[in-house]
Amino acid sequence: MKTILVTGATSGFGEAIARRFASDGWKLVVLGRRQDRLVALARELKAHALVCDVRRRKEVFEAVASLPKEFATVDVLVNNAGLALGMEPAHKADLDDWEQMVDTNIKGLMFVTRAVLPGMVERGRGHIVNMGSTASNYPYPGGNAYGGSKAFVKQFSLNLRADLSGTGVRVTNLEPGLAETEFSLVRFKGDQDKAAAVYKGMQPLTGQDIAEACAWCVNLPAHVNVNRMEIMPTAQSFGPFAVHRKT
Ligand code: NDP
Ligand code: 8X3
């Protein structure tokens with residue numbers, strides 16, 4: 001039986017991915033900060049819970065090292081924990097928000113990767129699935145540090161592929177567009193109306209959609225590596241470049 005470690009499993013994509021793999025009979029390790037939710041999920045899915053903040057380097061390494069023997073052989077790591085904070089333009093954005101995005105989306109992802117990866121290389125197999133975003137590929141007003149952090153995730157994923165050549169370890173960057181999770185509630189700091197407006201009148205992606213894509217990538221034969229997968233809701237598309245004209 002294979003083992004999957006999912007970070008950010010207390011809601012949204014992470015929870016949906018955990019549920020999807022549990023229903024396929026995988027052993028699960030779920031990680032997140034909100035202890036009540038995490039413990040309830042772990043109990044329901046017979047998973048091992050790691051209450052952990054990915055921003056805390058020492059805590060991350062201790063959490064991974066603390067895994068009981070039956071959960072310690074991590075076959076798949078889903079680096080999903082992450083967030084966007086705010087949509088102010090760069091000259092007005094809150095620097096603490098920027099720092100938290102960098103600490104979580106970039107540094108946290110690096111810490112968990114570095115803690116889990118040596119075991120995969122030793123075993124000559126494994127798969128790291130990173131949660132990127134369309135925000136890494138297309139800029140938008142207010143995306144500033146969030147898009148930048150996801151561009152790091154994309155390039156880090158591709159560079160991992162280069163380093164891991166010949167090890168048997170696969171790396172995939174999933175790049176979803178608009179998806180209804182707690183993402184916008186977090187971004188707008190609990191403002192339900194602002195969060196709901198993001199998805200108003202359109203059909204966004206769901207956690208289940210992304211869990212399905214993740215499962216497809218992971219369940220492909222070991223010789224097949226999906227480098228990047230960009231997924232948008234059909235209702236989301238592209239606009240023209242913005243041109244500022246003098247009036
Ligand atoms: P949610 O807010 O629903 O989930 C985010 C998860 O990340 C939660 O489980 C949260 O758990 C966890 N998390 C946040 N900070 C930390 C931390 N410091 N340490 C550990 N866990 C943390 O949003 P999504 O499911 O949408 O987001 C999941 C990922 O998908 C993120 O990386 C996001 O950037 C990305 N994404 C989202 C898209 C969307 O439109 N929804 C589109 C593209 C990418 P807890 O608070 O309990 O720690
Ligand atoms: C989340 C998608 O467009 O809100 O990564 O940045 S978007």
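Numbers here are sequence positions counted from 1. Only this structure's heavy atoms are used, side chains among them; waters, hydrogens and symmetry mates stay out. First listed ligand is number 1; within each ligand, the first listed atom is number 1.
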K.L.:
Going by heavy-atom distance to atom 35 (C) of ligand 1, choose the closest among Glu59, Met131, Gln100.
P.N.:
Met131

K.L.:
Heavy-atom contacts with Ala135 under 4.0 Å: which atoms of ligand 2 show up? List them by number with element.
P.N.:
6 (O)

K.L.:
On a heavy-atom basis, I'd like to know which of Thr10, Leu185, Val6 is closest to atom 47 (O) of ligand 1.
P.N.:
Thr10

K.L.:
Who's the nearest protein heavy-atom neighbour of atom 37 (C) of ligand 1, and how far?
P.N.:
Phe13 CE1, 3.4 Å

K.L.:
Which pair of non-hydrogen atoms, one from Leu28 and one from Ala18, has the smallest distance, and what is that distance?
P.N.:
CD1-O, 3.4 Å

K.L.:
So, 4.0 Å and heavy atoms of Ser184: is ligand 1 close enough to count as a contact?
P.N.:
no

K.L.:
With ring pair (Phe, Tyr, Trp, His ring centres under 6.0 Å) as the test, would you mind laying out the steps for Tyr146 and Phe183 before giving the verdict?
P.N.:
CA-CA 12 Å; Tyr146 178 69; Phe183 177 84; 5.5 Å; yes

K.L.:
Please list the nearest protein heavy atom to atom 21 (N) of ligand 1 with its residue and the distance rounded to 0.1 Å.
P.N.:
Ala81 CB, 3.5 Å

K.L.:
Specify the protein heavy atom at minimum distance from atom 5 (C) of ligand 1: its residue, its atom name, and the distance to 0.1 Å.
P.N.:
Gly82 O, 3.7 Å

K.L.:
Do ligand 1 and Val54 have nitrogen or oxygen atoms that lie under 3.5 Å from each other?
P.N.:
yes

K.L.:
Can you tell whether the side chains of Arg57 and Asp103 come within less than 4.0 Å, N to carboxylate O?
P.N.:
no

K.L.:
For Thr104, which part has a heavy atom under 4.0 Å from ligand 1: side chain, backbone, both, or neither?
P.N.:
side chain

K.L.:
Checking the N or O distance criterion of under 3.5 Å, is ligand 2 in contact with Gln236?
P.N.:
no

K.L.:
So if I apply the side chain to side chain contact (heavy atoms under 4.5 Å, CB included) rule between Arg125 and each of Glu122, Arg123, His127, which one comes out positive?
P.N.:
Arg123

K.L.:
Regarding Asn225 and Thr172, is there a side-chain donor-to-acceptor distance under 3.5 Å anywhere?
P.N.:
no

K.L.:
Any N or O on Gly8 sitting closer than 3.5 Å to an N or O of ligand 1?
P.N.:
yes

K.L.:
To the nearest 0.5 angstrom, please state how far the CZ atom of Phe156 sits from the CG atom of Leu109.
P.N.:
6.5 Å

K.L.:
When the ring centroid of Phe61 is compared with that of Phe111, is the distance short of 6.0 Å?
P.N.:
no

K.L.:
Return the closest protein heavy atom for atom 2 (C) of ligand 2 as residue, atom name and distance.
P.N.:
Ser133 OG, 3.7 Å

K.L.:
Report, in ascending order of atom number, the atoms of ligand 1 lying under 4.0 Å from any heavy atom of Tyr146.
P.N.:
33 (C), 34 (O), 35 (C), 36 (N), 44 (C)

K.L.:
Run the salt bridge (Lys or Arg N to Asp or Glu O under 4.0 Å) check on Lys189 and Glu182 step by step: do they pass?
P.N.:
CA-CA 10 Å; Lys189 302 176 181 174; Glu182 293 180 14; over 6 Å; no

K.L.:
Taking 4.0 angstrom as the limit and counting only heavy atoms of Gly12, give me the atoms of ligand 1 inside it, by number and element.
P.N.:
3 (O), 25 (O)

K.L.:
Should Arg228 and Glu175 count as an ion pair when the cut-off is N to O under 4.0 Å?
P.N.:
yes

K.L.:
State the atoms of ligand 1, each with its element, that fall below the 4.0 Å cut-off from a heavy-atom position in Cys52.
P.N.:
19 (N), 20 (C)

K.L.:
So that I can tick it off, tell me whether Glu15 and Arg34 are bridged by a salt bridge, with the cut-off set at under 4.0 angstrom between side-chain N and carboxylate O.
P.N.:
no

K.L.:
Atom 42 (C) of ligand 1: which protein heavy atom is closest, and how many Å away?
P.N.:
Gly177 O, 3.2 Å

K.L.:
Where's the contact between Lys150 and ligand 1, heavy-atom distance under 4.0 Å: side chain, backbone, both or neither?
P.N.:
side chain

K.L.:
Should Glu212 and Arg20 be marked as a salt bridge (Lys or Arg N to Asp or Glu O under 4.0 Å) after you check the CA-CA gap, both sets of side-chain angles, and the distance that decides it?
P.N.:
CA-CA 8 Å; Glu212 189 61 35; Arg20 168 63 205 253; 2.4 Å; yes

K.L.:
Please classify the Glu175 to ligand 2 contact at 4.0 Å (heavy-atom distances, strictly less than): side chain, backbone, both or neither.
P.N.:
neither

K.L.:
Could you check whether Glu230 pairs with Lys150 (Lys NZ or Arg NE/NH1/NH2 to Asp/Glu carboxylate O, under 4.0 Å)?
P.N.:
no

K.L.:
Nearest to atom 44 (C) of ligand 1, what protein heavy atom do you find, and at what distance?
P.N.:
Gly132 O, 3.2 Å

K.L.:
Same cluster or not: Leu164 versus Val226, using hydrophobic residues (I, L, V, M, F, W, Y) connected whenever any side-chain heavy atoms lie under 4.5 Å apart?
P.N.:
no

K.L.:
So which heavy atom in the protein is nearest atom 40 (O) of ligand 1, and how far is it from that ligand atom?
P.N.:
Ala179 N, 3.0 Å

K.L.:
Just jot down the ligand 2 atoms closer than 4.0 angstrom to any heavy atom of Tyr146, in number order.
P.N.:
1 (C), 5 (O), 6 (O)

K.L.:
Starting from atom 7 (S) of ligand 2, which protein heavy atom do you reach first, and at what distance in Å?
P.N.:
Tyr140 OH, 3.6 Å

K.L.:
Quick one about Asn173 and Asn130 (side-chain donor to acceptor, distance below 3.5 Å, no hydrogens or angles considered), yes or no?
P.N.:
no

K.L.:
Going by the order shown, which atoms of ligand 1 are within less than 4.0 Å of some heavy atom of Arg55?
P.N.:
18 (N)

K.L.:
What's the shortest distance from atom 4 (O) of ligand 2 to any protein heavy atom, and which residue and atom give it?
P.N.:
Phe183 CE2, 3.6 Å

K.L.:
How many angstroms lie between atom CG of Asn105 and atom CZ of Phe152, to the nearest 0.5 angstrom?
P.N.:
10.5 Å

K.L.:
Under 4.0 Å from a heavy atom of Arg187: give me the atoms of ligand 2 that qualify, with their elements.
P.N.:
4 (O)

K.L.:
For atom 31 (C) of ligand 1, which protein heavy atom lies nearest, and how many Å away is it?
P.N.:
Asn80 O, 3.2 Å

K.L.:
For ligand 1, indicate whether the residue Ala9 contacts it via side chain, backbone, both or neither (heavy-atom separation under 4.0 Å).
P.N.:
backbone

K.L.:
Salt bridge check: are Glu44 and Arg19 linked by an N-O gap of less than 4.0 Å?
P.N.:
yes

K.L.:
Any heavy atom of Thr7 closer to ligand 1 than 4.0 angstrom?
P.N.:
no

K.L.:
Please walk me through it: do Val30 and Leu50 pass side chain to side chain contact (heavy atoms under 4.5 Å, CB included)?
P.N.:
CA-CA 6 Å; Val30 289; Leu50 294 176; over 6 Å; no

K.L.:
Indicate whether any N or O donor in one side chain lies under 3.5 Å from an N or O acceptor in the other, for Trp26 and Asp75.
P.N.:
no

K.L.:
Taking distance alone, with no angle check, do Tyr199 and ligand 1 share an N/O pair under 3.5 Å?
P.N.:
no

K.L.:
Counting from 1, what ligand 1 atoms have a heavy atom of Ser133 closer than 4.0 Å?
P.N.:
43 (C), 44 (C)

K.L.:
Who's the nearest protein heavy-atom neighbour of atom 23 (O) of ligand 1, and how far?
P.N.:
Thr181 OG1, 3.4 Å

K.L.:
Look at atom 46 (O) of ligand 1 and find which of Arg33, Glu230, Arg37, Glu15 reaches it with the closest heavy atom.
P.N.:
Arg33

